[in-house]
There are 4 protein chains.
Amino acid sequence: MPRAERERQMMDAGVRVFGERGYRAASMDEIAELAGVSKPLVYLYLNSKEDLFTACIRRESAALIAAVRAGVRVDVPADRQLWDGLTAFFAHTAEHPDGWAVLHSQARSGGDPFVAEVVAMREEIVAFVTSLIAAAAREAHGDPELAEREVAGLAQALVGAAEALAGWANGDDSVSAREAAATMMNFAWAGLGNLMAGARWSVPDAS
Amino acid sequence: MPRAERERQMMDAGVRVFGERGYRAASMDEIAELAGVSKPLVYLYLNSKEDLFTACIRRESAALIAAVRAGVRVDVPADRQLWDGLTAFFAHTAEHPDGWAVLHSQARSGGDPFVAEVVAMREEIVAFVTSLIAAAAREAHGDPELAEREVAGLAQALVGAAEALAGWANGDDSVSAREAAATMMNFAWAGLGNLMAGARWSVPDAS
Amino acid sequence: MPRAERERQMMDAGVRVFGERGYRAASMDEIAELAGVSKPLVYLYLNSKEDLFTACIRRESAALIAAVRAGVRVDVPADRQLWDGLTAFFAHTAEHPDGWAVLHSQARSGGDPFVAEVVAMREEIVAFVTSLIAAAAREAHGDPELAEREVAGLAQALVGAAEALAGWANGDDSVSAREAAATMMNFAWAGLGNLMAGARWSVPDAS
Amino acid sequence: MPRAERERQMMDAGVRVFGERGYRAASMDEIAELAGVSKPLVYLYLNSKEDLFTACIRRESAALIAAVRAGVRVDVPADRQLWDGLTAFFAHTAEHPDGWAVLHSQARSGGDPFVAEVVAMREEIVAFVTSLIAAAAREAHGDPELAEREVAGLAQALVGAAEALAGWANGDDSVSAREAAATMMNFAWAGLGNLMAGARWSVPDAS
DNA sequence: AATGAATGAGGTTTCATTCAT
DNA sequence: CATGAATGAAACCTCATTCAT
C-alpha cells in the first residue's frame, strides 16, 4: 500500500479519535489500532503525536475552507455569496462532525501550537466575511460607510454565530444546512443592511 | 485555616490551571502547589480531579449568570435588557478570563460529564435571550410573529456571536465591554427588528 | 466515657475491619469511623496500626483459649475432654466469625510480628491436644506407646482438621457446633485409638 | 525474548513476592524488579495487579493438582491412592513453598475474587478425597454405609489436616513427605475404617 | 479528653516513544 | 516496509501518622 494512502488512514483515525477524546485523552495506541497499523509506523510517517494532531488540524482546516470556497461564486452579489458560503459551511460541518469537533472544540483547548493553527484558519474565514461585508457596503453606497474596526467586530460576530449554529444544527439533525443558513441570513443581513445605511442602535434611557 | 477558605483557594487554583491547560493536561500537583497546600488535602476536600473540575465549572457558571442577572433590570424595555446583559457579560468575561476559558473552551472538550454542566448553563442564557426576543416581539406587535423554532435558532446565533466577541475582545484588550456590546446590538438588533416586522431574506437568483 | 470502654470499642471495630479486609487493606479511617471516634484518639490509645492489630490478635486469641478452657473439665476422661474442647471451639468460632477470620486468615498473612502472635496461640492449643493424646495413651495402656514426634504430628493434624471444619461449618450455617465436633471425634478418635493399640497403616503393594 | 518466557518470569516473581508479602503488601515495583523487567511490561502482558495475582493463583493451583494427579494411579486400592496423593501433595508443597503460601495463606485473605479461585481448587481436591472415601466404603462392604453429608465433613477434615501438616512439615524440614503422609494415614485411615464398619464415637457421660 | 486540619511517602496505572529485527 | 518488545516519566490517588487547639 502506497505511503500516501497509509497516511490518509492514519489521519482519518487521528481525526476520529482526537475529535472524540481531545488531544490529551487520545492515545496513540487507539489511533494506530483504528488505522489498522502498528504504532511505530505512525511514528515513522507522522513523527509525533503533536505533529499528527497538527497535520489533522491542517487537513481539516483546508478541507473546510475548500468546501466553502467551492460553494461560492465570485460573480454574484455579496449576499448571495454569503448565503452560498454559509450553506457550504453548514453542509460540510454536518458531514464531517469529527473534523469539526477537532477544529472547533479540541484544537482550541489543546494549547499554544494548535490554537495558532486554528486561529489562522478562522482568520481566513473572517477575512472572507469581512471582504463580503465591505463589498456589500460598496454595492449599497459605492463607498464604505463602516470603520474597519467595526467591520472586524461584525465579522467576528457573524462567524461566531455561524459556529454556534453549526453545533446546534449538528446536535439536532432535523435542522438542515439550508435552514441554518437561512436563520443566519435573516439574523445578520438585515442588521448589516441597516448598519450600512447608517442606522445605529443607541442605548435607550433605562428609567 | 478554616475549610471553606481553603476550598476557595483550591478552586481558584483549579480554575486558573484548568483554564490554562485544559482538564487532561492540568495536573493535581500543579493545582495543589498553586493553592499552597498538599495534594492529599485537595483530595480530602474535593474528592477527585473530576469533582474538582465539576466544582470549578459550577462555580464559574453561577458567577457568570449571577453577574448577568445583576446587570439586568426587569422593568425596562427588552432591548435595554439585552444591552445591559451583554455589557455585564462582556465585563465579567474580561475580568475573569480563566473562568471564561474553563467554561468556553475547556469544559466543552472535556467529555460527557463536563459538557453536560456547561450545556445546562448555556441553556439558561439561551432561555433568557429567547425570552427577550419574545418580549421584544410582543412590544413591537402585541403578538409574537416568530415561530418558536425560529426564535430558538436566533437565540443560539446571538449567544454564539456574543461568545465569539468575548474571545475577540479578550484577546485585544483595547476593546471595552461597552464597545463589544454596541457591536452586538448593532449587529443583532436591527436584524431582529426586521424579522419581527415580517421581513425575510430570501435567496436571490444566482445567475 | 472511661478509657477502657473506648478501647474496647476501638478493638471491636478493629477486629471487624481487619477480619473483613485484612491488615493491609484495612484503613485506620474506617476503623475510627466504625468505632465512632476520631482518628487521633485511636492513635492516642493504641499507638499505631501495628499495635492495634497486635492487640486485636491477642484479645481474640485469649478469648478463644478462654472459651475452650471454660468448656473443658479436667476430671473427666481424655476423649470427653477433647469432645468438650472441640464443641467449645466450634461454638466460639461460629459466634465470633470476625475474630476467627483475624486469627485464622488475616494474622497468618500479615507478616512476621503477627504470625508470631498467632503461632504462639496455636501452639498453646496444640500443646493441650498433645497432652490429651498422651493422657489417652496412658489411660489405655498405662504407658505411652507413641513417640513424641509422632504425637506432635497427630496433634497438628487434629488441630488443622478442626480449623478446616470451623471454616466449613461457618460457611454453611446448618452445621452446628455439636455436629462438627462429632465429625471430628469420629474422624480422629478411632484412628488415635488404633494407633495407641499399636496398629499402624503400612504402604500396600501398588501392583 | 519471546513473550511466553517473559510471562513465566513475571509470574515466578509474582508468586515469590505475593507468597512472601501478601497481595496488598506486595508491590508491582518489587515484582517487576525481581522479574528483571520494567513495570509497564508487566502491565502490558498481565494487565493489572489483580489479574497477575489471579494468574499466579491459577498457575499454582493447576500445578498442585497436576502433581497430585500424576502421583495417583487409578487401578490400585483406595488407601493406596490416598497414600500416593498425600505423598505427592507433601512433596509438591515442600518443593514450592511460595506457591503453597500463595494458595494457602495469601489468596485466602485477599478478598472475594481470589478466595473464589482457591475455593474452586480446594473443592476439586475435596471431591477427589470424597470419591476415595466412597470407594473405600464400597471396597469394604460393597455398599456405602456413610451419609453423603458425613462424608463431606470427613473429607473437609482430612484435607484440613493435610494442609496443616504441610505447613508443619515445611517449617521443620526434617519431616519428609513420606513421614507426613504416614502420619496422615495412621491418623485418618483407621478412623475411617471404623466408621465404615459402623462404629461411632458417642458422648461419654461427663460425671 | 478529644479533634479538625494537614502531609510525606508510596501505591497502581498509563502513555509517548524507541530499538532490533 | 513493518513490527513485537520494551521503557522513562509522570499521572491520579490513598494512607498512616502528627500537630495545634
Side-chain angles (χ1 to χ4, degrees), chain A residues 1-3 6 23-32 35-53, chain B residues 1-7 10 21 23-32 35-53, chain C residues 1-3 6 23-32 36-53, chain D residues 1-7 10 23-32 35-53:
Chain A
M1 184 173 312
R3 170 162 180 160
R6 277 267 200 252
Y23 175 59
R24 288 292 297 232
S27 96
M28 295 296 271
D29 269 299
E30 187 178 356
I31 293 172
V37 296
S38 70
K39 244 187 318 177
L41 199 60
V42 179
Y43 280 86
L44 187 63
Y45 282 1
L46 286 139
N47 224 36
S48 72
K49 194 188 189 183
E50 186 171 331
D51 284 3
L52 170 57
F53 192 39
Chain B
M1 185 169 310
R3 172 167 180 158
E5 182 159 354
R6 276 275 195 249
E7 281 189 357
M10 291 174 193
R21 305 228 189 294
Y23 176 61
R24 288 295 296 239
S27 97
M28 293 299 269
D29 267 302
E30 189 179 355
I31 292 172
V37 297
S38 69
K39 239 187 321 176
L41 200 61
V42 181
Y43 280 91
L44 189 61
Y45 284 178
L46 286 141
N47 236 24
S48 71
K49 194 186 191 185
E50 186 171 331
D51 283 5
L52 171 56
F53 193 39
Chain C
M1 184 173 308
R3 172 164 180 160
R6 276 266 200 257
Y23 176 62
R24 287 294 297 234
S27 97
M28 293 298 269
D29 269 299
E30 189 178 356
I31 292 172
V37 296
S38 70
K39 242 188 317 177
L41 201 61
V42 180
Y43 279 87
L44 188 63
Y45 283 1
L46 286 139
N47 224 34
S48 72
K49 195 187 191 184
E50 186 170 334
D51 284 5
L52 171 56
F53 193 38
Chain D
M1 186 171 309
R3 173 167 181 156
E5 181 158 355
R6 276 276 194 246
E7 281 190 356
M10 292 174 192
Y23 176 61
R24 288 294 297 241
S27 98
M28 294 298 269
D29 267 302
E30 189 178 354
I31 293 172
V37 298
S38 68
K39 243 187 319 175
L41 200 61
V42 180
Y43 279 90
L44 188 63
Y45 283 178
L46 286 140
N47 233 30
S48 71
K49 194 186 191 184
E50 187 170 332
D51 283 5
L52 171 56
F53 193 39

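In what follows, every chain begins at residue 1, and chains take the letters A, B, ... in the order their sequences are listed.
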Checklist entry - Should the pair D/Arg3 and D/Tyr45 be classed as cation-pi, given the thresholds of under 6.0 Å to the six-membered ring centre and 45° from the axis? => result yes

Item to check | Distance under 6.0 Å and angle within 45° of ring axis: A/Arg24 vs B/Tyr23 | outcome: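 Cation-pi check for A/Arg24 and B/Tyr23: fails.
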
Within this structure, what is the [atom1]-to-[atom2] distance between [X] and [N], rounded to whole angstrom?
X	N	atom1	atom2	value
B/Asp29	F/dA9	CG	C1'	13 Å
B/Glu5	E/dA6	CD	P	10 Å
C/Leu44	F/dA20	CG	C1'	15 Å
D/Met1	E/dA20	CE	P	15 Å
C/Glu50	F/dC15	CD	C1'	16 Å
D/Leu41	E/dT13	CG	P	15 Å
A/Met28	F/dT7	CE	C1'	17 Å
D/Ile31	E/dT13	CD1	P	11 Å

Next on the checklist: Base, sugar-phosphate or nothing for B/Ala32? Non-hydrogen atoms, less than 4.0 Å.
Outcome noted: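 Contact class for B/Ala32: none.
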
Checklist entry - What nucleic acid atoms does C/Ala26 come within less than 4.0 Å of, heavy atoms only: base, sugar-phosphate, or nothing? => result sugar-phosphate

Item to check | Most 5' of B/Ser27 and D/Val37 on DNA chain F, judged by nearest nucleotide | outcome: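 Nearest nucleotide further toward 5': that of D/Val37.
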
Next on the checklist: With nearest nucleotide decided by heavy atoms, which residue, B/Tyr43 or C/Lys49, maps closer to the 5′ end of DNA chain F?
Outcome noted: B/Tyr43

Examine [N]: is either OP1 or OP2 under 4.0 Å from a nitrogen or oxygen in the side chain of [X]? Give yes or no.
X	N	answer
A/Arg6	F/dC1	no
B/Arg3	E/dA6	no
A/Tyr45	F/dA2	yes

Checklist entry - For A/Ser38 and A/Ala32, which heavy atoms make the closest approach, and how far apart are they? => result C-CB, 4.2 Å

Next on the checklist: Ignoring hydrogens, what is the shortest heavy-atom contact between B/Met10 and B/Val42? Give both atom names and the distance.
Outcome noted: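 Heavy atoms only, the tightest pair is SD-CA, 3.8 Å.
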
Checklist entry - Has the side chain of D/Lys39 got a donor or acceptor atom sitting under 3.5 Å from an opposite partner on the base of E/dT13? => result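 Donor-acceptor pair under 3.5 Å: yes.
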
Item to check | Residue closer to the 5' end of DNA chain E, B/Pro2 versus D/Tyr23 (nearest nucleotide) | outcome: B/Pro2

Checklist entry - Nearest nucleotide by nearest heavy atom, which residue falls closer to the 5' end of DNA chain E, C/Arg24 or A/Asn47? => result C/Arg24

Item to check | Complementary nucleotide of F/dT21, counting Watson-Crick and G-U pairs under 3.5 Å | outcome: E/dA2

Next on the checklist: Suppose we define a pair by two distances each less than 3.5 Å, Watson-Crick or G-U wobble; what does E/dA16 pair with here?
Outcome noted: F/dT7

Next on the checklist: For A/Ala26, is there any backbone N or O sitting under 3.5 Å from a side-chain donor or acceptor partner on A/Lys49?
Outcome noted: yes

Checklist entry - Nearest to the side chain of C/Ser48 - F/dC19, F/dT17, E/dT7? => result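 When the side chain of C/Ser48 is considered, F/dT17 is the closest of F/dC19, F/dT17, E/dT7.
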
Checklist entry - Would you say the side chain of A/Asn47 lies within less than 4.5 Å of the side chain of A/Leu52, judging by non-hydrogen atoms? => result no

